[in-house]
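Chain naming here is simple, since letters A, B, ... match the order of the sequence lines and numbering starts at 1 in each.
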2 protein chains.
Amino acid sequence: MNHHVATCRAELVAVLTTLQSGTPEILTVQNGACLPAGALETEHSSLQRGVRHWVEELTGFRLGHVEQLYTFGDSVPAETERLVRISYMALTRDSGDQAGWRGWYQYFPWEDRRTEGSVALLKTIERALLEWAAHEEEKLDRCRVTFGLNGESWNDEAVLERYELLWEAGLVQESPYCSAGLGERPMLWDHRRILATAMSRLRAKIRYTPVVFELVPEEFTLLQLQQAMEALSGRLMHKQNFRRLVQNQDLVSETDRYESGVQGRPARLYRFRTDNSENCYLTGAKLPLGTFS
Amino acid sequence: MNHHVATCRAELVAVLTTLQSGTPEILTVQNGACLPAGALETEHSSLQRGVRHWVEELTGFRLGHVEQLYTFGDSVPAETERLVRISYMALTRDSGDQAGWRGWYQYFPWEDRRTEGSVALLKTIERALLEWAAHEEEKLDRCRVTFGLNGESWNDEAVLERYELLWEAGLVQESPYCSAGLGERPMLWDHRRILATAMSRLRAKIRYTPVVFELVPEEFTLLQLQQAMEALSGRLMHKQNFRRLVQNQDLVSETDRYESGVQGRPARLYRFRTDNSENCYLTGAKLPLGTFS
DNA sequence: ATACATTATGCTCAATAGGAGCATAATGTT
DNA sequence: AACATTATGCTCCTATTGAGCATAATGTAT
């Protein structure tokens, strides 16, 4: 058998996330149907620069910190030229005046467990999954672990695993076997998979590096910081313990200013301690996110 | 300015790791100078299958579990065609009778902190680094944090960060400014960077998933398991506490057999509990690896 | 002005996890 | 029989963390 080196095009895909009034949002194009993407060009001196170029071209947005996610490269039988899709994650504090921002949880409503409504959705999913798994022991086990059913705990980082399980079960709209879906917004191609990968990665990352601080204002109250963590992880946490941990970590420093114009006792404003920030990214910051049922 | 879609070749690089008599080893080609690699071909139906194909072709080895690491794509000014290099990590229990296995710590001797000798090497590195950093505050800080100097703790997962720092300081042989090196074995191109990435990833992974069990025999003593963790992380740990933690995690089950032919009281053999192994990979296993000075 | 709602912040208590080391058990060697 | 050597069980102490009570400081309704 002869072997032929494949010539390919490399496509660069970006998941740019921001926090807008308590919801994580991503920058999309084509009315929310896909992520900004474009081909690697000879003019791009590196992959990262290619990503920056395309996001700026398509949305006018200049990226800050960028991180590689995953490279997909399955061959499509019909096509002659090979496509390698390299995905990136980026964060930004201010969403600017761009259009095209969409909430994470429009695409993954079951990932937001902060509201009462989420319980109902999870019940629906549970019923549908159990019906799909029928009485196959192995499938049932996967459902239990992945969705935290039956006393198993919910792992907020398993976004991709949950999406893939729902795909297999024909419960998401991209699935070829899907009839109705779960009221979520779908995406073209595998872009929702890529978004899931980005969510997983970010949820993992906020636990042990101080990346949250790239998403909140320069000065913030501890409640705002907590709510940012909650929005990203999709779960509520204990207020007093959160304060304690953040303060013990020496990650923030007090200012002498307070929040104004709200109900109740005004909250003190804090800022991220930039003097040891460089270090934290390496040595770890351990923001708390405990476990729950 | 005109833009041109770049045609590229995709190269697949594999870091295959095994444990051989208490040392992590990788499979190499060209007398240890590089990692097995090859171009993505039209016949490969997926990137993973391409990796498997090349490793088998070059070394006769069939891969088990494979995981993607990172994709490199910087353009080389001189070349017309673009090269995208996609790297993978794989593990295997038995090294077979292949040649080409080399110890991790030949390439990264400073990453092995189990022996007394490592202290001397670290002293040498510390002196050289401090000389390089001179009195620049920022550089000194990086050195302290990255190499755990001056009371900072050693982060065993920061293999790549340490390599890059040494590269900048001209202390590793790949560096253009390097005069002598540190007695390590170099590699061609950026293959030592890729190895560093794999080591970082594996060291991170053994903490919260039960991957170690893919590197030890089916039946093992708790000391063997501990020494496997120590070999991979490059640091020694407390024996009794290790036992306690492993047993409390419900990861292993006793057999009724014992080790034979060694000094001292014979140790009981254990095996990995496969009944909930699937779950552990998702819910986490938390093997201990504490911190040390 | 006073009572009350609301949010921030300080503090306690109990359970658990993790680091360090002592004590005992079971083998081989001299 | 004494001793070296390794395995295994157990205790003590400390740090971390989950849960909730108590107090402080503001705005709002009466």
Side-chain angles (χ1 to χ4, degrees), chain A residues 22 113 153-154 156 207-208 216 219-230 233 235-271 283-293, chain B residues 22 113 151 153-154 156 206-208 216 219-230 233 235-271 283-293:
Chain A
R113 311 221 3 184
S153 66
W154 176 266
D156 55 56
R207 283 175 177 273
Y208 60 91
V216 294
E219 300 200 341
F220 49 84
T221 69
L222 293 185
L223 184 60
Q224 283 169 351
L225 185 65
Q226 178 180 346
Q227 286 170 338
M229 294 288 285
E230 291 179 335
S233 67
R235 44 206 276 188
L236 299 173
M237 28 202 318
H238 187 281
K239 192 168 171 176
Q240 294 95 320
N241 291 345
F242 181 81
R243 297 177 65 77
R244 176 176 58 188
L245 266 150
V246 169
Q247 290 178 317
N248 287 354
Q249 290 289 328
D250 260 5
L251 288 173
V252 295
S253 53
E254 292 188 350
T255 69
D256 48 2
R257 255 153 312 174
Y258 293 84
E259 204 187 18
S260 62
V262 282
Q263 276 278 53
R265 173 173 171 176
R268 183 184 285 276
L269 292 173
Y270 290 79
R271 30 176 56 247
T283 59
K286 197 154 55 170
L287 280 271
L289 267 180
T291 50
F292 77 125
S293 69
Chain B
R113 314 224 356 187
S153 66
W154 176 267
D156 54 55
I206 53 175
R207 284 176 177 272
Y208 58 91
V216 294
E219 300 200 341
F220 49 84
T221 69
L222 292 186
L223 184 60
Q224 282 169 352
L225 186 65
Q226 178 182 345
Q227 285 171 337
M229 295 288 286
E230 291 179 336
S233 66
R235 47 207 273 189
L236 299 173
M237 29 203 317
H238 186 282
K239 191 168 171 178
Q240 295 95 320
N241 290 345
F242 181 81
R243 299 177 65 77
R244 176 175 62 186
L245 266 148
V246 170
Q247 290 178 317
N248 287 355
Q249 289 288 329
D250 260 5
L251 287 173
V252 296
S253 54
E254 294 187 350
T255 68
D256 48 1
R257 256 154 312 173
Y258 292 83
E259 204 187 18
S260 62
V262 281
Q263 275 278 57
R265 173 173 170 178
R268 184 184 285 277
L269 292 172
Y270 290 80
R271 29 176 57 245
T283 58
K286 198 155 52 171
L287 280 271
L289 268 180
T291 49
F292 77 128
S293 68

Which residues share a salt bridge (charged side-chain N to carboxylate O under 4.0 Å, His left out) with B:E219, sequence neighbours left out: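 Partners of B:E219 by the salt bridge (charged side-chain N to carboxylate O under 4.0 Å, His left out) criterion, ordered by chain and then number, come out as B:R257, B:R271.
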
Residues that B:R268 engages under salt bridge (charged side-chain N to carboxylate O under 4.0 Å, His left out), provided they are two or more places apart: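 B:R268 satisfies salt bridge (charged side-chain N to carboxylate O under 4.0 Å, His left out) with B:E254 once adjacent residues are dropped.
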
Grab the [atom1]-[atom2] distance between [X] and [N] for me, whole Å please.
X	N	atom1	atom2	result
A:L225	C:dT9	CG	C1'	16 Å
A:M237	D:dG18	CE	P	8 Å
B:N248	D:dT8	CG	C1'	14 Å
A:L269	C:dT9	CG	C1'	15 Å

Contact nearer the 5' end of DNA chain C, comparing B:L245 with A:T221: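 Counting from the 5' end, the first nearest nucleotide belongs to A:T221.
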
Comparing A:Y270 and A:R244 on DNA chain C - which has the more 5′ nearest nucleotide: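 Counting from the 5' end, the first nearest nucleotide belongs to A:Y270.
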
Any B:K239 side-chain N or O less than 4.0 Å from OP1/OP2 of D:dT8: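 For B:K239, the contact criterion (side-chain N or O under 4.0 Å from OP1 or OP2 of D:dT8) is not met.
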
N/O (side chain, A:R243) to phosphate O (OP1/OP2, C:dG10) under 4.0 Å: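 For C:dG10, OP1/OP2 do have a side-chain N/O of A:R243 under 4.0 Å.
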
Listed pairs, N/O of protein and of nucleotides 20-22 of chain D, under 3.5 Å:
unit_1: D:dG20; atom_1: N7; unit_2: A:H238; atom_2: NE2; d: 2.8
unit_1: D:dC21; atom_1: N4; unit_2: A:Q240; atom_2: NE2; d: 2.4

Sugar-phosphate only, base, or nothing, as touched by B:L223 at under 4.0 Å among non-hydrogen atoms: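 Here B:L223 touches the backbone only, sparing every base.
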
Sugar-phosphate, base or nothing in reach of B:R268, heavy atoms under 4.0 Å: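 If one applies the 4.0 Å heavy-atom cut-off, B:R268 turns out to touch the sugar-phosphate alone, with no base involved.
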
Minimum heavy-atom distance A:T255-A:L269, with the two atoms named: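 Shortest heavy-atom contact: OG1-O, 2.8 Å.
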
Nearest atoms (heavy-atom pairs only) where A:A228 meets A:V216: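 Closest approach of A:A228 to A:V216: CB-CG1, 3.6 Å.
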
Nucleic acid footprint by protein, nucleotides 25-30 of chain D - heavy-atom cut-off 4.0 Å, B for base, S for sugar-phosphate alone: BB----

Close approaches to DNA chain D from residues 252-259 of chain A, in residue order (heavy atom, under 4.0 Å):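 Output list: empty, so none.
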
Side chain to side chain donor-acceptor pair (under 3.5 Å) partners of A:R265, counting only residues at least two apart: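 With sequence neighbours excluded, A:R265 shows a side chain to side chain donor-acceptor pair (under 3.5 Å) to no residue whatsoever.
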
side-chain contact (heavy atoms from CB on, under 4.5 Å) partners for A:Q226, two or more places apart: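 side-chain contact (heavy atoms from CB on, under 4.5 Å) list for A:Q226, sorted by chain: A:L223, A:E230, A:M237, A:K239, A:F242.
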
Residues which pass side-chain contact (heavy atoms from CB on, under 4.5 Å) with A:Q224, listed by chain and number, not counting sequence neighbours: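 With sequence neighbours excluded, A:Q224 shows a side-chain contact (heavy atoms from CB on, under 4.5 Å) to A:F220, A:T221, A:E259, given in chain and number order.
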
